[in-house]
S.K.: 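I have a structure I would like to understand better, so I am pasting it below and will then ask my questions one at a time.
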Amino acid sequence: MQTERIAIEGMHCANCSALIEKMVGRMDGVQTCTVNLAANNGEVTFDPSATNMAHVVQTIVELGYGATVIPKENRAAFDAERRQREAAQQVHDVRIFVMSLVLTAMVMIVCMTPLGMDLVMPLANAVFGVGHTHEQMMLVMNVACLVLTVPVQFVAGMRFYRGAWGALKARSANMDTLVAVGTTIAFAYSLYVTFSPTTMGKMAPFETSAMLITFVHLGKMLEARAKGRAGEAVESLMSLAPKTAHVRRGNEVVDVPTDDLRLGDVVEVRPGERVPVDGVVVSGSSSVDESMLTGEPMPQEKAAGDEVTGATINGNGTFVVRATRVGADSTLSRIVEMVEKAQGSRPQIQQLADRIAAVFVPAILSIGLLTFLGWLAYAALGEGINGATFERALMAGVSVVVVACPCALGLATPTAVMVGTGKGAEQGILIKDGDVLQQAGDIRKVVFDKTGTLTQGMPMVVGVAHGEDASEEDVVRFCGALERGSEHPLARAILMYAAENDIAIPQDMVDDFEAVPGKGVTGRVDGELFGFGNELLVRDLTGSGLPDWCREFATKGAGAHATVMYLVFESYGVAGAIAAADQPKPSAKEGVARLQGRGCEVYLLTGDARGAAAWVAQEVGIPKECVMAEVLPEQKAKRVEALRDPEQKALVAMVGDGINDTPALAAADVSMVMSAGSDAALEVGQVVLMHDDVRDVSRAIALSRATMRKIHQNFGWALGYNLLLIPLAALGILPPELSSACMALSSVSVVTNSLLLRRANL
């Protein structure tokens, strides 16, 4: 199966998206088709041996919509062209609206004000003479209104006729059908009043159809603008990528569009520029701001052999990068694709809107007809059916057809999902689909892996002890000199501690360096053998155990959670000790507290020793009864499953840091991965926390709850709007022109309410 995304133009309501899904979904070879009304795009999964995208696009075009396959490469150029088309369409819509507004205002002046009669009087005198009758005057005024209304009805209103015709060909109905039917009935009745001998002398209500079209046109313009703002998050992400790159071609450096970069290209990155491609530094060095990826505000030093990510910002140096991932495979492109896929996904709550939309338009047309017939029956029982009662019945039916708005229902969920996932992406919280966004709000139990999730994932020096003939500086200097050539995490911790405390580590001080498996490392200084390692190494070099001061440091000074290593000389004995431990992340304690404040139980699940697990739990605020330590990897999934609620009322989230936690992540209702920008984390987990910040778990839950509140508010508004105003229209309280204004404002209100999510405090 192959999956492609399509840009779709001309959708106006939930029935439009449902129609496209139905017709494309029926095609041979198409497995699934989902359409996002708010994002104006769709996703099709199909069998390439049975159909192709050209056929899919043709099917959509035949329904009356524009359709273009979104390319996976050269995306920037495609989006730029699409924005140009949308901008041109907006300019066209504004012109049409201004024309419609001016003509409608003129119709209203002629039909509804004394000034209208004064304006038309010269024309009536010219046609019928100065002594013309009232009926002749009304005929001239009605014809003048007809001339003014025709451009509104058939130029400004053509978009609704095209949409209705496309739906009719597919034996369906949509919002365009409602507008086309309502305005056509009003226009046709005005024609009847104008030219029928039985209605001579009566003013034709041309302003009704003109105002209907003008107000709905205004609503669609405002809605389109609001929908565009809902998708700004993806555009802001894509704008991070530089447009060109300085590529070395032989002895020259040429500027090449980043979309044209190839694997293996050698790219020069100059001071202050964004890195144009994912790659490896081959020469030069600089500091790189990776905050867009990791959230870390401090620039990271990059030199030969280090990896860099596209769209990060170079500092003051110049370096050269060999491209390792380009185009759709780049980290930024994959993040954008993930966000777009989430925005286009359909959470379960959307099913309610889908079921309503399937019957909405036919039901409204039926209610409109019943309203018309009901008013006629009421008139027949009372004053009788005449011109006035017939017009009242017709206008009530038209009001029902026009006031009903399937758009608000159709936009209730996707706009909130778009804004919610977009806000999450801006804060480094990548939610992969709408169902996860919906489920995260029901999380009541959060299980954390320890190493690399709650903790830094690397040891840090937490204590230094020394004997009578040595100082702390001596211990760090000798240990650092011995470990300088080691890749062990503890070696990095000692060198980092030395740098932080301005302790100089001599170079070429140690000879005959040797790593002793399971014990430590040894070397010689001026022929003297010494080592740094555990108690076994101490026994090897001295033939005896640890002195009392070392044991006291190991049990009291360092703590049970720390690893203690000893500096020992063959001729002297133990000179010092260094304790190192994996420390909690700075955000861990606050992150756990926030979760508990949101009503979540927090658990720690680790394979580490109980002492180390208990210490971390105490440091970050996890109750001791919620600590699960010394758990084998294959048992972690069972521990997570044991916490799950069989009735699915309270969901369990597992938070890990990558591939090694996959079984436990899969066992949870919602899986979250601490990314720190790693490629593996983008593939594992339903929520990717790009900034490696424990507080983002709470933010993800808060974002889900805020989004679901907006969806419920949107549904409440959309359903309440229709349930309240349709009866008012049927009772004749709402005239058609006011009904059209209400219809125009309803969908705009839903989108605007969704946009308020951007202000949510997470």
Side-chain angles (χ1 to χ4, degrees), residues 5-13 16-17 20 35-42 57 60-61 63-102 151-152 155-163 166 175-176 213-244 257-259 332-333 336-337 339-340 343-344 407 410-411 414-415 418-419 422 425-426 744-745 747-748 750-752 754-755 758:
R5 298 181 67 251
I6 310 172
I8 304 174
E9 300 172 2
M11 293 189 296
H12 297 148
C13 69
C16 296
S17 55
I20 296 172
V35 176
N36 189 322
L37 172 64
N40 291 326
N41 59 36
V57 168
I60 297 174
V61 171
L63 293 174
Y65 305 98
T68 311
V69 177
I70 299 176
K72 295 180 180 177
E73 304 293 341
N74 298 321
R75 179 65 188 277
F78 174 84
D79 287 327
E81 183 180 343
R82 185 180 184 184
R83 283 193 292 270
Q84 288 179 352
R85 290 199 307 270
E86 290 174 348
Q89 183 63 47
Q90 288 177 359
V91 172
H92 174 74
D93 288 345
V94 169
R95 290 174 178 170
I96 293 295
F97 170 71
V98 170
M99 178 271 292
S100 180
L101 180 64
V102 170
V152 178
V155 177
M158 185 52 63
R159 60 183 294 179
F160 305 115
Y161 283 111
R162 282 196 297 263
M175 187 213 77
D176 292 331
I213 290 174
T214 301
F215 278 130
V216 175
H217 209 290
L218 174 61
K220 291 292 110 182
M221 287 171 52
L222 296 175
E223 178 188 316
R225 181 165 297 184
K227 284 165 62 178
R229 291 177 59 199
E232 284 178 355
V234 169
E235 290 189 9
S236 64
L237 279 173
M238 296 184 66
S239 68
L240 296 176
K243 301 294 185 291
T244 60
T258 52
D259 288 334
L332 181 62
S333 294
V336 168
E337 182 181 6
V339 175
E340 287 185 323
Q343 291 185 335
C407 307
L411 291 168
T415 53
M418 280 187 69
V419 177
E426 290 172 350
L745 291 175
S747 55
V748 177
V750 165
V751 179
T752 302
S754 294
L755 288 172
R758 299 162 94 183

S.K.: Quick one: are E9 and Q89 in side-chain contact, heavy atoms under 4.5 Å?
M.R.: no
S.K.: Give me the atom names and distance for the closest heavy-atom approach of T415 to S754.
M.R.: OG1-OG, 2.9 Å
S.K.: About how many Å separate CZ of F215 and NZ of K220, when rounded to the nearest 0.5 Å?
M.R.: 15.5 Å
S.K.: Please test V419 against R758 for side chain to side chain contact (heavy atoms under 4.5 Å, CB included), starting from the C-alpha separation and ending with a verdict.
M.R.: CA-CA 7 Å; V419 177; R758 299 162 94 183; 3.6 Å; yes
S.K.: At their closest point, which heavy atom of N41 faces which heavy atom of I70, and how far apart are they?
M.R.: CB-CD1, 4.5 Å
S.K.: Looking only at atom types and distance, does a side-chain atom of S100 sit under 3.5 Å from a main-chain N or O of I96, one as donor and one as acceptor?
M.R.: no
S.K.: Would you indicate whether the side-chain heavy atoms of R82 and N40 approach each other to under 4.5 Å?
M.R.: yes
S.K.: Take T68 and E81 through the test side chain to side chain contact (heavy atoms under 4.5 Å, CB included) and record every step on the way to the result.
M.R.: CA-CA 11 Å; T68 311; E81 183 180 343; over 6 Å; no
S.K.: Specify the closest pair of heavy atoms between A425 and V339, including all atoms of both residues, with the distance to one decimal.
M.R.: CB-CG2, 3.7 Å
S.K.: Are there more than 12 heavy atoms of other residues, nucleotides or ligands under 6.0 Å from atom CZ of R95?
M.R.: no
S.K.: Could you tell me whether the side chain of M11 reaches within less than 4.5 Å of the side chain of V35, counting heavy atoms only?
M.R.: yes
S.K.: With the side chain counted from C-beta on, respond yes when T214 and L218 share a heavy-atom pair under 4.5 Å apart, and no when they do not.
M.R.: no
S.K.: Could you tell me which non-hydrogen atom of H217 sits nearest to which non-hydrogen atom of F160, and how far apart they are?
M.R.: N-CZ, 4.4 Å
S.K.: On a heavy-atom basis, which atom in P414 and which in N36 lie closest, and how many Å separate them?
M.R.: CB-OD1, 3.5 Å
S.K.: Count the heavy atoms belonging to other residues, nucleotides or ligands that lie under 6.0 Å from CD of E337, then report whether that count exceeds 12.
M.R.: no
S.K.: Please name the pair of heavy atoms, one in L332 and one in A241, separated by the smallest distance, quoted to 0.1 Å.
M.R.: CD2-CB, 3.7 Å
